2 protein chains.
Amino acid sequence: MPLKRRKNQSPAPLPSCPLFACMSLIGGAWTPNVIWYLSGGPRRFSELRADIPAISAKVLTQRLRDMEENGLVTRTVMPTSPPSVDYALTDLGQELVPAIAAIVDVGARLKQRKASMEALNAAAE
Amino acid sequence: MPLKRRKNQSPAPLPSCPLFACMSLIGGAWTPNVIWYLSGGPRRFSELRADIPAISAKVLTQRLRDMEENGLVTRTVMPTSPPSVDYALTDLGQELVPAIAAIVDVGARLKQRKASMEALNAAAE
DNA sequence: CAGCATCCTGCGAGATACTG
DNA sequence: CAGTATCTCGCAGGATGCTG
């Protein structure tokens, strides 16, 4: 989702399209998941990797860096050995949680609906 | 946002990541906007284009077709002259509206916050 | 453990021109 | 009006290998 109009043109600021600003924050495929798993409280890098097995370390780092830049998460390095890094949602990041929750909610109902559809199909055969 | 794992691998179905299923529905940069403008009632192709000036005809067509495939919208051709086509949200599509609304809401607050931040910065100088 | 560096791929999207 | 066709580009993301 090339949502970010970083360098390119797009001079018109998309009047009355408030979705664009917000979608650029959660646009990546993984960002919402990261926010979701971070909404329960601060987590370490390796914990997040375990939460979302399908993400690669590189992409997780990228997403977290982007989110840090956008002021969604804070990054705290613990000077232990071995070192660990804590990520936590900022107030701004917290504000996104309800939206993500709504998406999760719909996703769950979609899953249910799909399951009942398949049950119907199976019964019809 | 290459969310769709159409042909590729990804054998693990992302356990406990309900976001993925739903994000693949609204993953495109424009899909949420289309749903949003469709939430007020059925609209014609040209109306949608006017609603979202920055979208190109091709992309709008693509998104609408994808959404039709996913059962989010219905497409009704009116046999008039000149021909017109009506798009409307299905029940499934309607279910996504609250989630989109939540995102819009956050987007609006983000905008406010940004505005007040800039006002602070300006006052500081 | 938590990363960075590098190379590679595929999809979303823009631009432009043409059709029923 | 409502598309379709073709081309190109940029970025998210995957894979692998290496550091402090």
Side-chain angles (χ1 to χ4, degrees), chain A residues 1-12 14 17 20 23-34 42-70 73 75-87, chain B residues 1-12 14 17 20 23-34 42-70 73 75-87:
Chain A
M1 170 193 308
L3 262 184
K4 308 188 179 179
R5 297 267 127 19
R6 276 179 183 158
K7 324 160 190 182
N8 331 30
Q9 67 292 30
S10 179
L14 274 290
C17 274
F20 246 84
M23 283 304 285
S24 68
L25 292 178
I26 60 172
W30 299 111
T31 315
N33 282 282
V34 175
R43 283 186 93 66
R44 303 225 314 271
F45 187 85
S46 53
E47 292 179 312
L48 286 172
R49 283 219 61 186
D51 289 335
I52 319 172
I55 200 173
S56 67
K58 189 200 74 168
V59 175
L60 181 53
T61 307
Q62 282 179 344
R63 294 301 105 223
L64 286 168
R65 284 288 196 273
D66 278 7
M67 292 163 71
E68 193 189 358
E69 251 186 71
N70 290 329
V73 302
R75 182 170 175 275
T76 319
V77 182
M78 319 293 278
T80 57
S81 176
S84 67
V85 182
D86 256 51
Y87 291 94
Chain B
M1 169 200 316
L3 262 183
K4 308 188 177 179
R5 295 269 125 19
R6 276 180 185 159
K7 324 159 188 182
N8 331 29
Q9 65 290 30
S10 178
L14 276 289
C17 275
F20 244 83
M23 284 303 286
S24 67
L25 292 179
I26 59 172
W30 298 110
T31 315
N33 282 281
V34 175
R43 283 186 93 65
R44 303 224 313 271
F45 187 86
S46 53
E47 291 180 313
L48 287 172
R49 282 219 62 188
D51 288 337
I52 318 171
I55 199 174
S56 68
K58 188 198 76 170
V59 174
L60 181 53
T61 308
Q62 283 179 345
R63 293 301 103 223
L64 285 168
R65 283 280 144 70
D66 278 7
M67 292 163 73
E68 194 189 358
E69 250 186 72
N70 290 330
V73 301
R75 182 170 175 275
T76 319
V77 181
M78 318 293 277
T80 58
S81 177
S84 67
V85 183
D86 257 53
Y87 291 94

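Quantities reported herein were computed from a predicted structural model and do not represent experimental measurements. Chain A is the first sequence line, chain B the second, and so forth, proteins listed ahead of strands; every chain is numbered from 1. Below, all heavy atoms of this structure are taken into account, side chains as well, without hydrogens, waters or symmetry copies.
A donor-acceptor pair is defined here as one N or O able to donate and one able to accept, closer than 3.5 Å; no such pair exists between the side chain of A:Arg63 and the backbone of A:Val34. With A:Glu69 contributing its side chain and A:Asp66 its backbone, the two residues share no donor-acceptor pair below 3.5 Å.
Remark: A:Arg43 is not in phosphate contact with C:dA2, judged by side-chain N or O atoms under 4.0 Å from OP1 or OP2. Distances shown here put every side-chain N or O of B:Arg49 at or beyond 4.0 Å from the OP1 or OP2 atom of D:dA2. Taking 4.0 angstrom as the limit, A:Arg75 places none of its side-chain polar atoms (N or O) nearer than this to OP1 or OP2 of C:dA2. The side chain of A:Thr61 contributes no N or O atom lying less than 4.0 Å from OP1 or OP2 of C:dC4. At D:dA2, one or more side-chain N or O atoms of B:Arg44 fall inside 4.0 Å of OP1 or OP2 (strictly under the cut-off).
When the C1' atom of C:dG12 is taken as reference, atom CD1 of B:Ile52 falls 15 Å away, rounded to whole Å. What separates CG of B:Leu60 from P of C:dG12 is a distance of 15 Å, to the nearest Å. Between B:Met23 atom CE and D:dG13 atom P there is a gap of 10 Å when expressed in whole angstrom units. Between A:Glu47 atom CD and C:dG3 atom P the separation is 13 Å, expressed in whole Å. A straight line from CH2 of A:Trp30 to P of D:dG13 spans 8 Å, rounded to a whole angstrom. Taking atom CD of B:Gln62 as the reference point, atom P of D:dA5 lies 11 Å away to the nearest angstrom. Atom CD of B:Glu68 is separated from atom C1' of D:dA2 by 14 Å (rounded to the nearest Å). When rounded to the nearest whole Å, the span between CD1 of A:Ile26 and C1' of D:dA12 equals 16 Å.
Of the candidates C:dG20, C:dA13, D:dG14, C:dG20 carries the atom nearest the B:Pro83 side chain, counting heavy atoms from C-beta on. Nearest nucleotide to the side chain of B:Val85, out of D:dG13, C:dC4, D:dG3: D:dG3. The nucleotide whose nearest atom lies closest to any side-chain atom of B:Val59 is, among C:dA13, C:dA2, C:dG3, C:dA13. For A:Ala29, counting side-chain heavy atoms from C-beta on, the closest listed nucleotide (D:dG13, C:dA13, C:dG3) is D:dG13.
Nearer to the 5' terminus of DNA chain D, by closest-nucleotide assignment, is the contact made by B:Pro82 (compared with the other of B:Pro82 and A:Ser56).
Rounding to the nearest 0.5 angstrom, the gap separating the CE atom in A:Met67 from the OH atom in A:Tyr87 is 10.0 Å.
Within 3.5 Å, no donor on the side chain of A:Lys58 pairs with an acceptor on the base of C:dG3, nor the reverse.
The pair B:Arg43-B:Asp51 counts as a salt bridge, with a side-chain nitrogen and a carboxylate oxygen less than 4.0 angstrom apart.
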